[in-house]
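For reference, the structure is listed below as structure tokens.
Every heavy atom of this structure was used, including side-chain atoms; hydrogens, water molecules and symmetry mates were not. Lettering follows sequence order; numbering is per chain, from 1.
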Amino acid sequence: MKIGYPCINWSIGCKGDRTFRLKSYSEEKLIETVENNLNCLEKMLEYNFKNNILFFRITSDLIPFASHPICKFDWQDYFKDKFQDIGRHILKYNMRISMHPDQFIVLNSKSRKVVERSIAELYYHSEVLDLMKLKNDSKIQLHIGGRYDDKNKSISRFIDEFKRLDDKIKNRLVIENDDHIYNLNDCLILSEKIDIPVLFDNFHHLIYNNNEDIRNCYKFVNETWNDEDGIPMIDYSSQKPGSKIGSHAENIDLLDFKNFIEKTEPFNFDIMLEIKNKEKSALKAIEIIKNDVRFEKRQ
DNA sequence: TCACGTCAAGCAGAT
DNA sequence: ATCTGCTTGACGTGA
């Protein structure tokens with residue numbers, strides 16, 4: 001059971017998601033920015049290793065405009081050695097990596113242009129993981145997409161597009177339940193059809209579910225991940241007190257987290273904390289697991 | 001140095 | 001119609 005946080009570390013004064021405006025695009029600027037981003041990524045991973053945080057989500061902004069037509073630069077080749085170096089560290093540290101393309105990536109869009117752009121962006125994500133030579137247990141997590149007033153047709157479009165994807169994307173893609181269109185049940189049904197792992201998001205599930213027995217959920221989710229995929233990844237968050245339903249907490253709610261871990265027994269997962277203060281909450285979560293003998297066997 | 005308008009990209013739901 | 005949230009502010013021009 002690895003604990004992680006997404007994309008940004010607030011403690012080390014360096015973030016790996018620096019970008020710039022399309023208008024100011026130049027190769028020099030791209031190289032300079034990516035150099036910074038990769039160096040910061042390295043530092044964040046070092047910090048994580050020292051603190052036993054062995055799960056991390058790499059930002060989609062690592063290579064700005066990587067999938068945009070304006071980018072003709074062969075960043076894959078230029079940064080090949082650096083990527084390999086980072087990848088070697090990840091493997092040596094026994095870390096797990098995920099990525100999460102942002103809201104513009106909609107594989108089941110009704111617009112062909114949006115679908116093509118989405119595929120290009122997914123390709124970029126898989127290139128990053130491939131350049132680091134990470135195994136297929138490093139995943140790219142995506143929601144199923146839009147509803148467009150017809151869920152069945154929209155799911156069919158997802159299936160059609162998925163089947164046409166390059167194997168290197170297919171081998172890394174996992175689907176995540178969202179909090180208002182496609183819930184866990186939808187993901188499990190789709191998973192059965194195209195054999196794709198389901199990444200369970202407990203907070204989305206809390207907001208949007210089918211009143212399932214939670215232990216059954218973990219059981220079914222668990223079955224969608226095979227040996228090559230690694231143990232299942234889970235996104236964990238809790239409600240920000242006093243805020244709109246669905247707002248992610250600033251700080252980890254230790255009682256809720258403990259409760260959550262207890263309920264997932266006996267399954268083993270890697271847990272991504274979608275909590276705003278990032279590494280601070282990860283450190284607390286790791287303490288909880290370390291100090292509870294019941295959780296020992298699942299480490 | 002700082003204020004502030006704007007930023008590659010989609011979609012749904014609230015106002 | 002327009003705004004907001006999503007995983008998250010921050011780029012960069014103009015004064």
Problem set entry | Side-chain touch A/Tyr124/A/Trp75, heavy atoms, less than 4.5 angstrom | yes

[X] near the nucleic acid: base, sugar-phosphate alone, or nothing, with a heavy-atom cut-off under 4.0 Å?
| X | answer |
| --- | --- |
| A/Phe65 | base |
| A/Gly246 | sugar-phosphate |
| A/Ser109 | sugar-phosphate |
| A/Ile8 | nothing |
| A/Gln103 | base |
| A/Lys113 | nothing |
| A/Arg21 | base |
| A/Asp235 | nothing |
| A/Pro101 | base |
| A/Ser24 | sugar-phosphate |
| A/His180 | sugar-phosphate |

Exercise. Would A/Asn39 and A/Lys82 count as having a side-chain donor-acceptor pair, cut-off 3.5 Å?
Worked result: yes

Exercise. Side-chain donor-acceptor pair under 3.5 Å between A/Glu250 and A/Asn277, yes or no?
Worked result: no

In whole Å, what separates the [atom1] atom of [N] from that of [M]?
| N | M | atom1 | value |
| --- | --- | --- | --- |
| C/dT7 | B/dG13 | P | 15 Å |
| C/dT4 | C/dT8 | C1' | 14 Å |
| C/dG5 | B/dA9 | C1' | 16 Å |
| C/dC11 | B/dA8 | C1' | 14 Å |

Seminar exercise, completed: Only one of A/His100, A/His204, A/His205, A/Gln141 passes side chain to side chain donor-acceptor pair (under 3.5 Å) with A/Asp235, and that residue is A/Gln141

For this session: Give none if B/dT15 has no partner; otherwise give the nucleotide forming a Watson-Crick or G-U wobble pair with it, both distances under 3.5 Å.
Result: C/dA1

For this session: Could you let me know what C/dT7 is paired to, Watson-Crick or G-U wobble, both distances under 3.5 Å, or none if it's on its own?
Result: none

Problem set entry | Segment of DNA chain B, first to last nucleotide, that comes within the 4.0 Å heavy-atom reach of chain A | B/dG5 to B/dG13

Exercise. Is the NZ atom of A/Lys153 crowded by more than 12 outside heavy atoms at less than 6.0 Å?
Worked result: no

Problem set entry | Position toward the 5' end of DNA chain C (nearest nucleotide), A/Thr19 or A/Pro6 | A/Pro6

Exercise. Which word best sums up how the rings of A/Phe257 and A/Tyr236 line up, parallel for under 30°, tilted for 30 to 60°, or perpendicular for over 60°?
Worked result: perpendicular

Exercise. Should the pair A/Arg157-A/Asp160 be classified as a salt bridge under the 4.0 Å nitrogen-to-oxygen rule?
Worked result: no

Exercise. The side chain of A/Lys15 lies closest to which of these nucleotides: C/dA10, C/dT7, C/dG12?
Worked result: C/dA10

For this session: Please name the pair of heavy atoms, one in A/Leu273 and one in A/Ala282, separated by the smallest distance, quoted to 0.1 Å.
Result: CD1-CA, 3.5 Å

